[in-house]
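Written out below as structure tokens is the structure these notes cover.
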Amino acid sequence: MKQFLVGFDLGGTKMLAAVLDARYIVIAREKGKTPAQEGPDAVLNAILSLIESVIAESGVPGNDIAGIGIAVPGTIDRKKGRIINAPNLGFIDIPLGEFLSSRTGLPVMLENDVNAGAFGEWKLGAAKGFSHVVAVFPGTGIGGALILNGSLYRGATGNAGEIGHMIIQTDGPLCGCGQYGCLEAVASRSAMSRDAVLAAASGKTPLTYKEFGTDIKNFKSKTFLFGLKKKEKPIMGIIDRGARFLGIGLANCVNIFNPELILLGGGLVEKLGNDYVKTAEDTMRTHAMPSLAKAVKVRTAELGDNAVCIGAAALFAEEAAK
């Protein structure tokens with residue numbers, strides 16, 4: 001019986017590969033850069049190279065590996081093993097599953113990266129033991145995933161959980177999806193960075209300006225942690241506003257799905273910590289239906305970088321067992 005799996009987390013700038021045992025314990029892992037600017041072929045070859053490298057590092061014979069679960073940041077066709085659209089990679093209709101399977105000789109399953117991360121936390125992390133979970137990961141965008149009745153909920157076309165694109169302000173700012181006022185457009189790091197750049201450019205945050213300038217590419221989660229530590233009031237206000245908008249989104253999720261747990265993760269949660277999470281949670285409890293808000297717990301993700309690889313591998317195993 002094949003006892004091992006490969007889990008892979010494909011990001012817009014970096015990638016992570018891991019070999020896991022039957023209990024989803026990581027026994028070897030390697031990181032690499034994603035050469036997205038070099039085009040799809042370069043990315044596919046980089047993925048293959050990293051998988052081959054981590055298998056070699058693990059010392060596990062190839063015929064003891066059951067398959068590869070790979071998580072990607074975008075929409076997918078799971079049945080065909082294709083990436084439909086991954087904007088951060090510049091991918092449109094890429095046959096990733098077929099490519100990897102033909103090169104490695106292993107079966108391959110694709111999954112959305114946030115789904116995989118949430119499932120990993122459900123298997124081994126902060127969401128273990130809960131049957132009804134809403135996972136929300138604010139970072140560059142806002143990813144979401146749903147575990148309902150003890151199963152990952154994918155929806156009719158396999159792409160459910162776009163929590164970042166619920167509309168919070170009908171007359172709000174333009175979102176990358178083309179709509180106005182999405183949660184992502186008002187509460188993601190990208191949305192907060194837009195406001196922080198304006199504050200820096202107008203001279204309202206001299207310390208942040210000195211450290212990061214006014215190029216929005218320099219404004220990461222650590223930028224807001226810097227402004228928070230320096231007590232620059234405009235930055236603190238932007239963080240507070242983003243957390244409160246996030247809380248409104250969470251309240252909507254509580255009212256719709258009646259979860260036992262809201263799981264929060266992503267770069268903003270990791271960097272900004274308890275005060276940011278508490279503001280979002282307090283806002284959620286203020287605006288959700290009282291009986292539903294009372295029943296829900298809020299926790300933060302605890303598996304770090306490994307969550308997506310664990311989840312991708314576990315989802316592969318779950319699918320293979322059907």
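Throughout, residue positions are numbered sequentially from 1 according to the sequence presented. Quick note: numbers below take in every heavy atom, side chains included, and nothing from hydrogens, waters or symmetry partners.
M109 and L48 fall into different hydrophobic clusters, where Ile, Leu, Val, Met, Phe, Trp and Tyr side chains are chained together by heavy-atom contacts under 4.5 Å. Transitive grouping of hydrophobic side chains (ILVMFWY, heavy atoms separated by less than 4.5 Å) keeps L96 and L16 in distinct clusters. The same ILVMFWY cluster, assembled from side-chain heavy atoms under 4.5 Å apart, contains both V60 and L100.
Around the CG atom of N274, the shell of radius 6.0 Å holds no more than 12 heavy atoms that belong to other residues, nucleotides or ligands. With a 6.0 Å radius and a threshold of 12 heavy atoms from other residues, nucleotides or ligands, F99 has its CZ atom above the threshold. Within 6.0 Å of CD on Q179 lie no more than 12 heavy atoms contributed by other residues, nucleotides or ligands. Annotation for E57: atom CD counts as buried by contact number, over 12 foreign heavy atoms lying within 6.0 Å.
The main-chain N or O of N45 is never found under 3.5 Å from a side-chain atom of S49 such that the two would form a donor-acceptor pair. When atom types are taken as modelled, the side chain of R285 and the backbone of V296 share a donor-acceptor pair closer than 3.5 angstrom.
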Show your reasoning for whether salt bridge (charged side-chain N to carboxylate O under 4.0 Å, His left out) applies to E260 and R299. CA-CA 11 Å; E260 299 168 278; R299 290 185 179 177; over 6 Å; no
Check the pair T208, T223 against side chain to side chain contact (heavy atoms under 4.5 Å, CB included), reporting the backbone distance first and the verdict last. CA-CA 7 Å; T208 297; T223 307; 4.1 Å; yes
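A salt bridge links E319 and R78; the closest N-O separation between the charged side-chain nitrogens and carboxylate oxygens is under 4.0 Å. The existence of a salt bridge linking R23 and D21 is confirmed by a sub-4.0 Å separation between a basic side-chain nitrogen and an acidic carboxylate oxygen. Taking the charged nitrogens against the carboxylate oxygens, D9 and K14 have no contact shorter than 4.0 Å, which rules out a salt bridge. By the 4.0 Å N-to-carboxylate-O rule, E281 lies too far from K297 to be salt-bridged with it. Ion pairing of D282 with R244 is absent here, as no side-chain N (NZ or NE/NH1/NH2) approaches a carboxylate O to less than 4.0 Å.
With contacts defined as side-chain heavy-atom distances shorter than 4.5 Å, the pair S131/I147 does not qualify. At a threshold of 4.5 Å between non-hydrogen side-chain atoms, the residues E121 and E302 count as touching. The side-chain heavy atoms of H287 and L250, taken from C-beta on, include no pair separated by under 4.5 Å.
Classification of the F226-F212 ring pair by plane angle, with boundaries at 30° and 60°, yields perpendicular.
For N252, there are no side chain to side chain donor-acceptor pair (under 3.5 Å) partners, not counting sequence neighbours. Here A243 pairs with Y276, T279 under the side-chain contact (heavy atoms from CB on, under 4.5 Å) rule; sequence neighbours left out.
Considering I310, L152, L124 as possible partners of F119, the one that fulfils the side-chain contact (heavy atoms from CB on, under 4.5 Å) test is L152.
Of the N and O atoms on the side chains of R29 and N306, at least one donor lies less than 3.5 Å from an acceptor on the other residue.
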